**Q** 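Right, I'll just put the structure down here and ask away after.
Bear in mind that the values here come from a model prediction, so they are computed numbers and not experimental data. Start at 1 with the first residue, then count along the sequence.
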Amino acid sequence: DIKHLREKLKTASLKAPSEETAEAVEKVLLQMVDEWHQNPNDSNAPTASDFDTAIAAWSDSNSPEMARRVGILYFEQETLFEQNCVAAKPTAEIVSTVLAAMSSSRERGADRRAWAVLERVPQYGIEPTAEMYTFVIRSLARSKDRNSAERAEDVLKDAVKKFPPGMDENGNQTGMGVDSFNVVLTAWAKSGRDDGPRRAEELLVYMDQVHKANGEDDNVLKPNVSSFTSLIDAYAQTNDWDGVSASERMLNRLLEQFLEEGDESLEPNVASWTIVISAWTRLARKNFNKCAEKADRLLRRMEELYQEGRTSVAPDVITYITVMNAHAADSKSPGNARKAQDILDEMNERYLDGEDDMKVSTKSIKVVIDAWIKTNDPNAMDQAEAVLETYEDMDEFQEPIDDEIVQDIYRSMLFGFTKHKDPHRAEEYLREMVSLGLKPDCFCYDRVIEAYTQLNAPDSFESTCAVFELMEQCRKDGDVMPNERVYTSFIRALSKAKVKGLARKATTVLKKMNELYKQGNRSIKPTTFTYNAVLNACADSMNDDDSDNMEAFKVAIGIFNDLRNDGNDGPDHVTFGNMLRCAALLPEGEQRDTVITSTFQLCCKTGFVNSYVIRDLQYACSDEELWRRLVKCPQGDVDCDELPASWKSAYERKQEKAFRRENDNRKGGGERGGRRPSFGGRPEKFSRERR
């Protein structure tokens with residue numbers, strides 16, 4: 001039986017390497033193990049060669065499961081040997097194969113398993129080799145542990161003592177090689193530790209010392225371009241000006257040494273250049289000045305040296321895209337959007353000339369379009385549209401469109417036209433997206449509605465209604481799920497247009513939101529912003545007809561009470577300010593003064609008094625004496641800083657929270673933090689302004 005199974009094992013292993021082949025070989029091996037467990041004798045025992053066949057099948061399979069399955073089989077082999085199956089005793093060749101497989105894995109814990117395998121080999125009478133240490137070092141260095149680089153370096157230095165680098169009589173390198181050092185250098189570069197650059201530099205110095213002590217003439221451990229590129233990367237990964245500047249200086253020194261000595265092992269490769277260029281691009285995204293210019297200068301120098309024949313490395317598509325991204329990130333600086341577009345066009349020209357790897361991607365097109373949109377150039381949208389027209393013949397733009405980046409490009413154009421105060425063109429892109437089946441989301445509709453509202457042209461409200469009707473039709477077709485924000489924006493548009501029956505119409509929209517919420521659209525639930533918008537609409541409904549004013553006031557009272565009873569949001573300073581304005585809908589007299597007094601006192605009690613509320617209080621009161629009595633200010637202007645702290649507590653907490661959020665989101669190279677916004681005087685504006 002065992003002979004028959006061994007033949008099956010060999011036959012299965014002869015098939016083309018694949019996951020299916022490896023599984024078939026493993027299945028036969030496990031049958032052999034089962035046979036031995038049923039009849040444990042030497043003639044029936046699986047051998048180390050059998051395990052070697054199965055482990056090799058997985059190693060050659062290119063399966064994502066490779067490292068895990070190799071580890072399982074090796075553990076099975078060790079277990080079998082411990083159960084007195086002497087023929088299954090692991091060999092040095094098998095251990096090396098297993099460690100090689102583990103060193104290629106990024107699975108958490110692979111480094112610990114590799115180290116455990118190495119620690120156990122002496123009990124099988126196996127002497128650890130330099131190759132085994134090389135694989136373990138690689139596994140440790142690739143670990144996701146924050147201290148992986150330090151652990152890998154410790155093992156490397158121990159291995160160097162046991163296996164010093166050298167040459168045998170045939171000219172073959174022995175002992176620990178350059179690759180092991182480079183792996184650890186890369187680990188320090190990617191470690192994310194503050195001391196990463198320093199530790200990488202110290203390791204490179206140690207590498208040079210070992211090289212000089214162990215056959216300097218044979219170049220057994222001479223640092224090569226990969227060694228220096230890892231050091232460059234360590235400084236580039238600091239993502240600060242000094243670190244990136246240091247990485248560029250190291251690149252320049254490496255380049256100068258290559259040009260002077262002609263040593264091909266020191267010629268900077270594409271990675272050497274691109275690492276520094278990418279670092280400047282990251283700083284450009286953080287709003288550091290002149291970073292795009294530095295990235296561009298490196299690109300042009302790289303091109304120049306290649307064209308002159310002084311280097312053999314030309315910029316590749318990644319290099320060009322990285323510099324283009326740097327210009328796009330700093331597009332607010334004069335001329336940078338144009339430079340980003342020039343690089344895009346240069347790549348396209350080279351692609352048309354036959355350089356297939358220079359094919360322009362839709363992602364790159366979007367980067368350049370967004371760069372134009374971010375500028376303050378009055379012709380920015382014309383330029384952005386020209387970029388789109390240049391490349392819209394690409395296959396990705398042909399119907400049916402299934403490229404998500406193309407959808408984002410249309411979205412960017414829509415947002416861009418709203419940013420540049422041209423809602424009509426934005427609406428054209430919105431309708432084109434609908435016709436192309438791109439299904440614009442609720443944010444697209446919201447941006448167009450808000451743009452029309454801000455434009456406040458004679459036809460703005462008519463256009464707003466057309467956009468809202470389009471969204472409603474798409475909602476009924478199942479192509480969009482509107483959220484609270486877009487409906488609230490429409491309520492604000494009603495107020496801005498001063499439509500007849502404003503309070504009633506705003507309330508109708510609110511009721512529609514509640515209906516859709518009950519039907520399952522959780523994102524449309526009215527918020528404080530929505531209720532504030534309806535209250536604002538009621539306040540803006542004032543006219544000469546007392547009956548209309550009273551109707552609007554009754555609506556306002558209902559909305560105010562609904563918000564007070566809401567278990568989630570509740571009223572804020574804008575709510576109280578709007579409610580005070582709504583009190584002005586009542587005729588002058590005791591009822592109006594009573595509403596004003598109770599509303600302001602409730603505002604004080606909840607801690608939402610601010611300068612907005614004081615302003616609205618003064619507007620609502622027909623008698624100056626009333627508001628002065630309420631704020632306890634017998635004469636002069638109201639100084640908000642002098643008001644009782646309890647009146648302002650909730651508002652200040654809200655502002656402080658908004659300030660922290662704004663501060664956390666701030667981009668730039670300066671120190672985080674800043675002056676806390678003062679209370680009183682001119683109110684501070686934060687992310688979402690007063691409804």
**Q** Going by side chain to side chain contact (heavy atoms under 4.5 Å, CB included), name the residues that satisfy it together with R113, two or more places apart in sequence or in a different chain.
**A** M102, E107, A110

**Q** With no hydrogens and no angle check, just 3.5 Å: does a side-chain donor-acceptor pair link R350 and Y320?
**A** yes

**Q** Could you list the residues that satisfy ring-ring contact (aromatic ring centres under 6.0 Å, His included) with W280, not counting sequence neighbours?
**A** W241

**Q** What residue pairs, at least two apart or across chains, pass ring pair (Phe, Tyr, Trp, His ring centres under 6.0 Å) with a residue in residues 91-112?
**A** none

**Q** Is D233 paired with K190 through a side-chain N to carboxylate O contact shorter than 4.0 Å?
**A** yes

**Q** What's the verdict on side-chain contact (heavy atoms from CB on, under 4.5 Å) for C291 and T281, showing C-alpha distance, side-chain angles and the deciding distance?
**A** CA-CA 7 Å; C291 295; T281 300; over 6 Å; no

**Q** If you apply the rule salt bridge (Lys or Arg N to Asp or Glu O under 4.0 Å), what do you find for D111 with R142, and how did you get there?
**A** CA-CA 8 Å; D111 56 321; R142 290 164 62 95; over 6 Å; no

**Q** Is there a donor in the side chain of T319 and an acceptor in the side chain of T322, or the other way round, less than 3.5 Å apart?
**A** no

**Q** Suppose we screen for side chain to side chain contact (heavy atoms under 4.5 Å, CB included). Which residues come up paired with M481, at least two apart in sequence or across chains?
**A** N521, S523

**Q** Under a 4.0 Å N-O cut-off, is there an ion pair linking E20 with K15?
**A** no

**Q** Quick one: ring pair (Phe, Tyr, Trp, His ring centres under 6.0 Å) pairs with a partner in residues 49-84, sequence neighbours left out?
**A** F81-Y124

**Q** Under 4.0 Å between a side-chain nitrogen and a carboxylate oxygen: does that hold for K27 and E23?
**A** no

**Q** Are there more than 12 heavy atoms of other residues, nucleotides or ligands under 6.0 Å from atom CD of E404?
**A** no

**Q** Please tell me whether E131 and S96 have a donor and an acceptor in their side chains that are separated by less than 3.5 angstrom.
**A** yes

**Q** Do S312 and E267 pair up side chain to side chain, a donor and an acceptor below 3.5 Å, judged on atom types alone?
**A** yes

**Q** Run the side-chain contact (heavy atoms from CB on, under 4.5 Å) check on T129 and M132 step by step: do they pass?
**A** CA-CA 5 Å; T129 64; M132 292 179 190; 3.2 Å; yes

**Q** Name all pairs fulfilling the ring pair (Phe, Tyr, Trp, His ring centres under 6.0 Å) condition that reach into residues 133-178, sequence neighbours left out, sorted by first residue then second.
**A** Y133-F163

**Q** Is it true that K10 and D50 make a salt bridge, defined as a side-chain N closer than 4.0 Å to a carboxylate O?
**A** no

**Q** Let's go through V406 and K366 carefully: what are the C-alpha distance in whole Å and the side-chain angles of both, what is the deciding distance for side-chain contact (heavy atoms from CB on, under 4.5 Å) to 0.1 Å, and is it a yes or a no?
**A** CA-CA 8 Å; V406 173; K366 183 179 184 300; over 6 Å; no

**Q** If the threshold is 4.0 Å, N to carboxylate O, is there a salt bridge linking R198 and E201?
**A** no

**Q** Start with the C-alpha gap between D370 and R411, add the side-chain angles, then the distance that decides, and say whether salt bridge (Lys or Arg N to Asp or Glu O under 4.0 Å) holds.
**A** CA-CA 10 Å; D370 287 342; R411 204 165 178 259; over 6 Å; no

**Q** Indicate yes or no: does K3 engage E7 in a salt bridge with an N to O separation below 4.0 Å.
**A** no

**Q** Indicate the atoms forming the closest heavy-atom contact of T91 with I126, along with that distance.
**A** C-CD1, 3.6 Å

